[in-house]
There are 2 protein chains.
Amino acid sequence: MGNSENTDKPDGGVERAATAQAQMRKGVLELCILSILLQGDAYPTEIIDKLKDTKLVVVEGTLYPLLTRLKNTGLLGYRWEESTSGPPRKYYKLTEIGEQYLKELQLSWAELVDAVNKTIEKGKNNI
Amino acid sequence: MGNSENTDKPDGGVERAATAQAQMRKGVLELCILSILLQGDAYPTEIIDKLKDTKLVVVEGTLYPLLTRLKNTGLLGYRWEESTSGPPRKYYKLTEIGEQYLKELQLSWAELVDAVNKTIEKGKNNI
DNA sequence: ATTAAGTACCTTGCAACGCATAGTACTAAA
DNA sequence: TTTAGTACTATGCGTTGCAAGGTACTTAAT
């Protein structure tokens, strides 16, 4: 048995919690970003701030590639707008396809929450 | 502009729904598996079946490495048990650390659901 | 005895994604 | 002209879900 492929150490569960929370966030970001853009056009830094308000911390290295992906898929458009206090801002906007897609995402999200909660509940009955 | 790094095509939102749902599931599997094991020891095939009951489809190629990871981190233990209808089964069991970790995961999950739902709700007010 | 079918576990290689890091560029004040 | 603040972009790494293929044990049929 080689031990070269596994960096996991038996470090107890406590230190892993932050990592796990990060993991759980995966894939939900799309939904949140599209939801934010439903409120109105926004530029990346603004999006990051709004996510922070709801305890979802996202960094630039995550957001920018994701926005580009969503744009390339036709879910988002953008326009440049001058700023009086710095470089120009890239305002992203939901397309019609994006809005339609967001509705599907919301449905998927609701189903997921339901499925996971069911699993959790079953466990709680059998302690 | 090179088009070599991007496999996304503007295919509309509809076909992407399955992919997005898969993405959203990421990271939540740990929580679900540990929750199932809280109900009692179980072997992989059994775990897959139980997940299927709650609409969370997971395949072997996903589950086995994940169980190994959880075992290596000390969250799970296992024992072999004979079967009258096939090869022996590997029953996994929550360790004490695993139970403690599960509680943290459940908390993280609840917080995530809350944060995401808040974001979604804000969007719905501004249509 | 050999084959087939059912059950169960395991490995390998790929692709996607989040993120840390580093870099570029514009404005304004010191 | 240097410093600070704001904003967008690119690169490379590690983790993870998954498809695909493989091994092995049991029972029943040929």
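These numbers were taken from a predicted model, which means no experiment stands behind them. Here is the naming used below: chain letters follow the sequence lines, and residue numbers restart at 1 for every chain.
At D:dG17, one or more side-chain N or O atoms of B:R69 fall inside 4.0 Å of OP1 or OP2 (strictly under the cut-off). Regarding contacts with the backbone of D:dC8, a side-chain N or O of A:T45 is found under 4.0 angstrom from either OP1 or OP2. For D:dA7, one of the phosphate oxygens OP1 or OP2 lies less than 4.0 angstrom from a side-chain nitrogen or oxygen of A:Y43. In this model, the phosphate group of C:dC10 is not approached by any side-chain N or O of B:Y64 to a distance below 4.0 Å at OP1 or OP2.
Separating the CD atom of B:E81 from the P atom of D:dC25 is a distance of 18 Å, rounded to the nearest angstrom. Atom CG in B:L67 sits roughly 14 Å away from atom C1' in D:dT16 (whole-Å rounding). Rounded to whole Å, atom C1' of C:dA20 lies 17 Å from atom CG of A:L66. Here the P atom of nucleotide C:dA25 and the NZ atom of A:K90 are 15 Å apart, to the nearest Å. One atom, CH2 of B:W80, and another, C1' of D:dA24, lie 10 Å apart when rounded to the nearest Å. One can place CD1 of B:I47 at 15 Å from C1' of C:dC10, the figure rounded to the nearest angstrom. The interatomic distance linking A:R79 (CZ) with D:dA7 (P) rounds to 15 Å, in whole Å. D:dA10 atom P lies 14 Å from atom CG of A:L63, rounded to whole Å.
Checking A:R89 against B:P65, the closest nucleotide of DNA chain D that is more toward the 5' end is the one next to A:R89. Taking the nucleotide of DNA chain C with the nearest heavy atom to each of B:E46 and B:G86, the more 5' of the two is matched to B:G86. Between A:V28 and B:P88, it is B:P88 whose nearest contact on DNA chain C lies nearer the 5' terminus.
Counting non-hydrogen atoms under 4.0 angstrom, A:T84 reaches the backbone sugars and phosphates but no base. Heavy atoms of B:T62 sit under 4.0 angstrom from at least one base atom.
The side-chain heavy atoms of A:R89 and A:W80, taken from C-beta on, include no pair separated by under 4.5 Å. Annotation: side chain of A:Q106 is in contact with side chain of A:S35 (closest heavy-atom distance under 4.5 Å). Put simply, the side chain of A:K122 does not reach to within 4.5 Å of the side chain of B:I36, judged on heavy atoms. Residues A:V113 and B:V116 form no side-chain contact, since every pair of their non-hydrogen atoms from C-beta on lies 4.5 Å or further apart. For the pair A:Y92 and A:R79, the minimum side-chain heavy-atom distance is 4.5 Å or more.
Here the nucleotide nearest the side chain of A:L29, chosen from C:dC9, C:dC19, D:dT9, is C:dC19. Side-chain proximity of A:P87 to C:dG18, C:dC26, C:dC10: nearest is C:dC26.
Side-chain atoms of B:E60 and base atoms of C:dC9 include a donor and an acceptor less than 3.5 Å apart.
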